[in-house]
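Below: one structure, written as structure tokens.
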There are 2 protein chains.
Amino acid sequence: MLKLTKRTEYGLTALVHLADHGGETVSARKISQHYSLPNRLVAEALKDLCRAGHLKSVRGASGGYLLAQSPADLTVGEAVAALEGAPKSTDCEAKALVSMGFGALGDLNVESKCMIRSPLHKIQEDIWRQFERTTIQELASPEFTLLRDERSPHTQLQNSA
Amino acid sequence: MLKLTKRTEYGLTALVHLADHGGETVSARKISQHYSLPNRLVAEALKDLCRAGHLKSVRGASGGYLLAQSPADLTVGEAVAALEGAPKSTDCEAKALVSMGFGALGDLNVESKCMIRSPLHKIQEDIWRQFERTTIQELASPEFTLLRDERSPHTQLQNSA
DNA sequence: TGCAATTAGCACTCAATGGGTGCTAATTAC
DNA sequence: GTAATTAGCACCCATTGAGTGCTAATTGCA
């Protein structure tokens with residue numbers, strides 16, 4: 001239910017860590033130990049990011065990974081795409097994403113039909129759009145918020161507590 | 001990968017439909033046929049929403065469902081919670097959500113530890129927060145966008161059509 | 001009174017996938 | 001040469017989402 005995978009969690013955590021460590025080379029083991037994460041899985045996530053070209057790897061003892069680009073140039077959307085695979089173009093849900101940013105605008109008919117039929121696609125589109133414009137650098141900053149909202153403080157539930 | 005379930009898709013679609021049809025009673029069959037959705041599954045979604053008190057049901061022939069409250073008072077967050085079940089309080093990911101809006105603030109330690117460890121939680125929190133403040137009425141409006149962003153106009157797709 | 005259409009509720013199957021592991025090879029610092 | 005690392009492949013297992021079957025209860029209508 002509206003969750004990204006663990007792999008993405010590990011991957012983003014690693015990216016933030018690497019962003020905090022400048023051009024330094026850090027091994028998968030270091031990262032996994034630092035955050036108490038399953039080190040094998042962190043390694044898998046790092047491999048994905050490396051294959052996608054977002055990290056550079058250094059093999060051998062005292063090897064590791066480092067960012068291939070500035071954290072200000074790497075978006076959360078790109079990282080997630082690398083970690084979870086490109087959205088499948090089979091289902092209509094994904095097609096909206098594809099035509100949104102990952103591909104050409106060929107099947108716009110399909111998408112617009114879906115837009116009418118399913119309000120959910122609007123939501124997911126918007127979320128992804130936000131991902132596409134949020135950088136790892138922003139994510140790494142402690143005061144990060146994904147959604148800048150200018151409206152009412154919006155009486156949250158905890159008010160009643 | 002960051003997707004809501006079909007059940008939620010069907011449920012939100014139905015809610016939007018009901019919102020468009022005022023106080024009218026509409027059967028699950030009518031809705032499913034109108035959007036060419038599997039009618040049994042739409043019925044399941046409607047049951048969930050009814051159990052949660054967001055819809056009122058009328059049994060018997062010519063029965064159906066209608067909104068139990070104004071579409072302006074029903075949030076996407078509430079609907080999703082009803083359709084997908086409350087976030088499980090076992091995993092840390094969900095705990096962030098719980099302490100965010102669904103429960104007391106007791107285990108804030110847990111959450112804040114997670115916040116540091118996982119940037120992903122920030123993202124998901126923000127998404128949920130947005131769900132909590134988006135109403136079905138807003139969702140039903142054709143020019144709906146979940147994220148009001150003051151930055152670049154960001155070339156929408158439908159513009160090109 | 002009976003029939004048809006509906007909601008209500010339970011249980012079940014099937015396929016997909018996410019999380020995790022095993023194993024081996026290639027590379028490199030020491 | 002050894003240990004630590006990245007690279008790549010294949011695999012298992014538990015969860016869960018999607019969908020179906022079935023039966024009961026309710027109600028409008030002929």
Side-chain angles (χ1 to χ4, degrees), chain A residues 1-11 13-14 18 24-33 37-66 68 80 82-88 90-94 118 120, chain B residues 1-11 14 18 24-33 36-66 68 80 82-88 90-94 118 120:
Chain A
M1 71 117 87
L2 191 71
K3 53 196 295 190
L4 293 161
T5 62
K6 288 290 178 190
R7 174 170 295 221
T8 297
E9 176 174 345
Y10 304 152
T13 300
L18 290 170
E24 202 174 332
T25 295
V26 186
S27 73
R29 255 181 74 90
K30 280 274 177 60
I31 295 176
S32 63
Q33 287 177 343
L37 300 177
N39 72 41
R40 177 68 185 272
L41 282 253
V42 171
E44 294 298 325
L46 287 165
K47 284 184 204 174
D48 288 340
L49 291 166
C50 192
R51 271 188 282 259
H54 302 127
L55 296 180
K56 283 192 287 194
S57 66
V58 178
R59 299 176 72 158
S62 80
Y65 296 91
L66 69 166
V80 171
L83 289 161
E84 314 213 339
K88 299 175 220 142
T90 54
D91 70 302
C92 134
E93 209 156 322
S118 171
L120 190 133
Chain B
M1 70 118 87
L2 192 71
K3 54 196 293 190
L4 293 161
T5 62
K6 288 291 179 190
R7 172 169 297 221
T8 297
E9 178 174 344
Y10 303 153
L18 289 170
E24 202 174 334
T25 295
V26 186
S27 72
R29 255 181 74 92
K30 280 274 178 60
I31 296 175
S32 64
Q33 287 178 342
S36 302
L37 300 176
N39 72 42
R40 177 67 184 272
L41 282 252
V42 171
E44 294 297 326
L46 287 166
K47 285 185 204 175
D48 288 340
L49 291 167
C50 192
R51 272 188 283 259
H54 302 126
L55 295 180
K56 284 194 286 193
S57 67
V58 178
R59 299 176 72 159
S62 81
Y65 296 91
L66 70 166
V80 171
L83 289 162
E84 314 214 338
K88 298 175 220 142
T90 54
D91 71 302
C92 138
E93 210 154 323
S118 169
L120 189 135

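In what follows, every chain begins at residue 1, and chains take the letters A, B, ... in the order their sequences are listed. Fair warning: this is a prediction, and the values are worked out from it, not measured in the lab.
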key: D/dT5 phosphate, OP1 or OP2, under 4.0 Å from A/Arg29 side-chain N/O   = yes
B/Thr5 side chain, from C-beta outward: closest of C/dT7, C/dG19, D/dG17 = D/dG17
inquiry  = Let's see if you can work this out: which of C/dA8, D/dG8, D/dT6 has an atom nearest to the side-chain heavy atoms of B/Cys50?
reply    = C/dA8
query = Picking from C/dT6, D/dG28, D/dT6, which would you name as closest to the side chain of B/Ser27?
reply = C/dT6
N/O (side chain, B/Tyr65) to phosphate O (OP1/OP2, C/dA8) under 4.0 Å = yes
query = D/dA7, D/dG8, C/dG9: which one has an atom nearest the side-chain heavy atoms of A/Arg51?
reply = D/dG8
query = Hey, is the side chain of A/Ser57 poking within less than 4.0 Å of OP1 or OP2 on D/dA7, counting only N and O atoms?
reply = yes
key: Over all atoms of both residues, closest heavy-atom pair of A/Gly63 and A/Ser27   = O-CB, 3.7 Å
ask   = Base, sugar-phosphate, or nothing: which does B/Ala43 touch, judged by heavy atoms less than 4.0 Å apart?
value = nothing
message = Any non-hydrogen side-chain atom of B/Tyr65 less than 4.5 Å from a side-chain atom of B/His54?
response = no
remark   = Separation of D/dG17 atom P from B/Glu84 atom CD, nearest Å, is 7 Å
message = When you measure only distances, ignoring hydrogens and angles, does the side chain of B/Lys6 come within 3.5 Å of the base of D/dG19 through a donor and an acceptor?
response = no
message = Return whichever of A/Ala61 or B/Tyr10 has its heavy-atom-nearest nucleotide of DNA chain D closer to the 5' end.
response = A/Ala61
ask   = Separation of B/Asn39 atom CG from C/dT7 atom C1', in whole Å?
value = 13 Å
task = In whole angstrom, give the distance that lies between atom CG of B/Asp48 and atom C1' of D/dG19.
result = 14 Å
ask   = Closest heavy-atom contact between B/Ala82 and B/Asp48?
value = O-CB, 3.8 Å
Value in whole Å for how far the C1' atom of C/dA8 lies from CD of B/Glu44 = 9 Å
message = In whole Å, I'd like the distance from the NZ atom of B/Lys30 to the P atom of C/dT6.
response = 8 Å
note = In whole angstroms, the gap separating P of D/dG17 from CG of B/Leu41 amounts to 13 Å
Side-chain N,O (B/Arg7) to OP1/OP2 (D/dG19) below 4.0 Å = no
key: Selected nucleotide, minimal atom distance to A/Lys47 side chain, candidates D/dG8, C/dG20, D/dG19   = D/dG8
note = On a heavy-atom basis, the closest approach of B/Leu83 and B/Arg7 is O-CD, 3.3 Å
ask   = Atom CZ of A/Arg59 to atom C1' of D/dA3: distance rounded to whole Å?
value = 15 Å
ask   = Under the 3.5 angstrom rule, does the side chain of B/Glu84 hit a backbone N or O of B/Thr5 as a donor-acceptor pair?
value = yes
request  = Calculate the interatomic distance between A/Ile31 atom CD1 and D/dT6 atom C1'; express it in whole Å.
outcome  = 13 Å
